[in-house]
Protein chains: 2
Amino acid sequence: MSRSDEIVEVAQALLDEAGPAGLSMRAIATAVGIRAPSLYRHFPDKAAIEAALQERALLDLADTLAAAGPNLVPLAAAYRDWALAHPHRYALISGQALHRDRLPAGVEDAAAAPLRDAVHGDEDRARALWGLAHGLVELELAGRFPPGADIAAAWRAGMTAFGEHRRQGFRA
Amino acid sequence: MSRSDEIVEVAQALLDEAGPAGLSMRAIATAVGIRAPSLYRHFPDKAAIEAALQERALLDLADTLAAAGPNLVPLAAAYRDWALAHPHRYALISGQALHRDRLPAGVEDAAAAPLRDAVHGDEDRARALWGLAHGLVELELAGRFPPGADIAAAWRAGMTAFGEHRRQGFRA
DNA sequence: TGCGAAAGCTAACGGCGTTAGCTAAGGTGC
DNA sequence: GCACCTTAGCTAACGCCGTTAGCTTTCGCA
C-alpha cells in the first residue's frame, strides 16, 4: 500500500470517528505518524484528501444501492441505511462539500444511477426521488425531527407517493 | 436601534454577500466599526450571533410560506423561491448548522407549520414533503443537477406525486 | 465629586491550512 | 567510489480563525 493510500485510509478512520470537524491536516498527520507539512509531499492540499474520501464514499454508496435491486422501497431503505451507518461520510458527500472538479468522471453519476433506474429513466421523477431521499436523510442526521418521530413512516409515505404514482403511469 | 441589533443587521448583510465562510468575528466587527473582541460585550460567542441570524431567517421563511396559502404547489414554489433568493441564509438554517438550543421555542416549528397544514396534519406525509423540498433545494444550491436540468419539472414531478396521492385519500 | 457599569481597546493563546527552506536517505550515472 | 538528484521527512513561520485577559475611557447617577 502506497503512502498516499495509507493517508487516505487513516483519514477515513479519523473521519468516521471524529467527523469532518476532526479531520484536520495535523490530526491526519499525527495518525499516520508524521507532521502535517509532510502530507503535502503526497497531496497538493486538504481538498485533495477530501476528494479521495468522497470518491471512496460515492463508490461505496453506489455499490450498496446497486446491490439493493431495482425496486423503490428496498432501494430507499438501502440509501437511508447507508447514510445512518456512515453519517460523517454522508456529510462529506452532501451539500457544497463535494469537490466535483477533483472527482474522476462518472463517480458522482454512479451513485445516482440506481435511483434513475428505479423510476425507469424518468429524469424529473428521479431527481424528485433523489431530493426526497437526500432531504429525509439530512433532516434525520441533523436531528430535525422531534424525538420519537416515526421516520420510517415518513419514508413509507414518500415512497408510497412515488410508487403509486408510477404504477398509475402518471406523467408530470 | 441597539448595538446588538446593529451587529445582527451588519452580520446579515455580510452573510448575504460573503456566505457563511465570510462571516468571521473580525469581519463582522470591522463592518460595525469596532474590533472583534468588543463583539463579546454584546454576544457571548459567535454561535449566539448565528442563532440570531437563524431566528430571523426562520421567521422570514415562515412568513413567506404562510403568505403562499394552503395549496401545495404555490407553497412549494414559495419554499424554493425563498431559498434561491437567500441561499446563504438557507445554508445557515439547514443541516447541523442550526443552534436549536439557542433558538426561542416555536421558531423552528413556525417554519414547518405551513407544510404540515398543506397535507392536513398528516405528520408522515408532512415530513416526507419537507424532506422533498429541503432535498431539492439543497441539491440545487449545491449545483448537483447538471447544467440545463429542468429543476422546475423535478419539483412538479414531486408535487404531483404528493398531490395526486392526497386527492385519492391514500394512507401509507 | 466620586463610583461603578458599559463598551471600547491591545496583546495574546491555541487552533487551522499552508509555505519556505533545510536535511537525511536512496538510487543512478560516470 | 564519488557526485548528483529525487524523495520524504523535518522545523519555523505566516495569516487566518474564535476567544480570553486585562486595561482604559466614557458616562450616568448618587
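In what follows, every heavy atom counts, from backbone to side chain, and hydrogens, waters and symmetry copies are set aside. Numbered from 1 within each chain, the chains take letters A, B, ... in sequence-line order.
Across the protein-nucleic acid pair, I34(B) atom CD1 and dT26(D) atom C1' stand 16 Å apart, rounded to whole Å. Between the CZ atom of R41(A) and the C1' atom of dT23(C) there is a distance of 11 Å, given to the nearest Å. If you measure from atom CG of L39(A) to atom P of dT11(D), you get 13 Å, rounded to the nearest angstrom. The distance between atom CD of E6(B) and atom P of dA6(C), rounded to the nearest whole Å, is 19 Å. One can place CZ of R35(A) at 14 Å from P of dG15(C), the figure rounded to the nearest angstrom.
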Output a table of nitrogen or oxygen pairs between the protein and nucleotides 17-19 of chain D separated by less than 3.5 Å.
from: dC17(D); atom 1: OP1; to: S24(B); atom 2: OG; distance (Å): 3.1
from: dG18(D); atom 1: OP1; to: M25(B); atom 2: N; distance (Å): 3.2
from: dG18(D); atom 1: OP1; to: K46(B); atom 2: NZ; distance (Å): 3.0
from: dG18(D); atom 1: OP2; to: M25(B); atom 2: N; distance (Å): 2.8
from: dG18(D); atom 1: N7; to: R26(B); atom 2: NH1; distance (Å): 2.7
from: dG18(D); atom 1: O6; to: R26(B); atom 2: NH2; distance (Å): 3.0
from: dT19(D); atom 1: OP2; to: Y40(B); atom 2: OH; distance (Å): 2.8
from: dT19(D); atom 1: OP2; to: K46(B); atom 2: N; distance (Å): 2.8
from: dT19(D); atom 1: O5'; to: Y40(B); atom 2: OH; distance (Å): 3.2

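Of all the heavy atoms in A57(A) and I93(A), the pair that sits closest is CB-CG2, 3.8 Å. In plain terms, the two heavy atoms of A47(A) and H99(A) that are nearest each other are O-CD2, 3.5 Å.
OP1 and OP2 of dA8(D) both lie 4.0 Å or more from every side-chain N or O belonging to S38(A). Dashed line: the shortest gap from a side-chain N or O of H42(A) to OP1 or OP2 of dT7(D) is not under 4.0 Å.
Here W130(A) and F145(B) bring their ring centres to under 6.0 angstrom of each other.
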Contacts table for residues 20-31 of chain B: side-chain donor-acceptor under 3.5 angstrom, sequence neighbours left out:
from: S24(B); atom 1: OG; to: A27(B); atom 2: N; distance (Å): 3.0
from: T30(B); atom 1: OG1; to: R26(B); atom 2: O; distance (Å): 2.8

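In the model, S94(A) has no side-chain atom that pairs as donor or acceptor with a side-chain atom of E138(B) under 3.5 Å.
Between the side chain of D16(A) and the backbone N or O of G19(A), no donor-acceptor pair lies under 3.5 Å.
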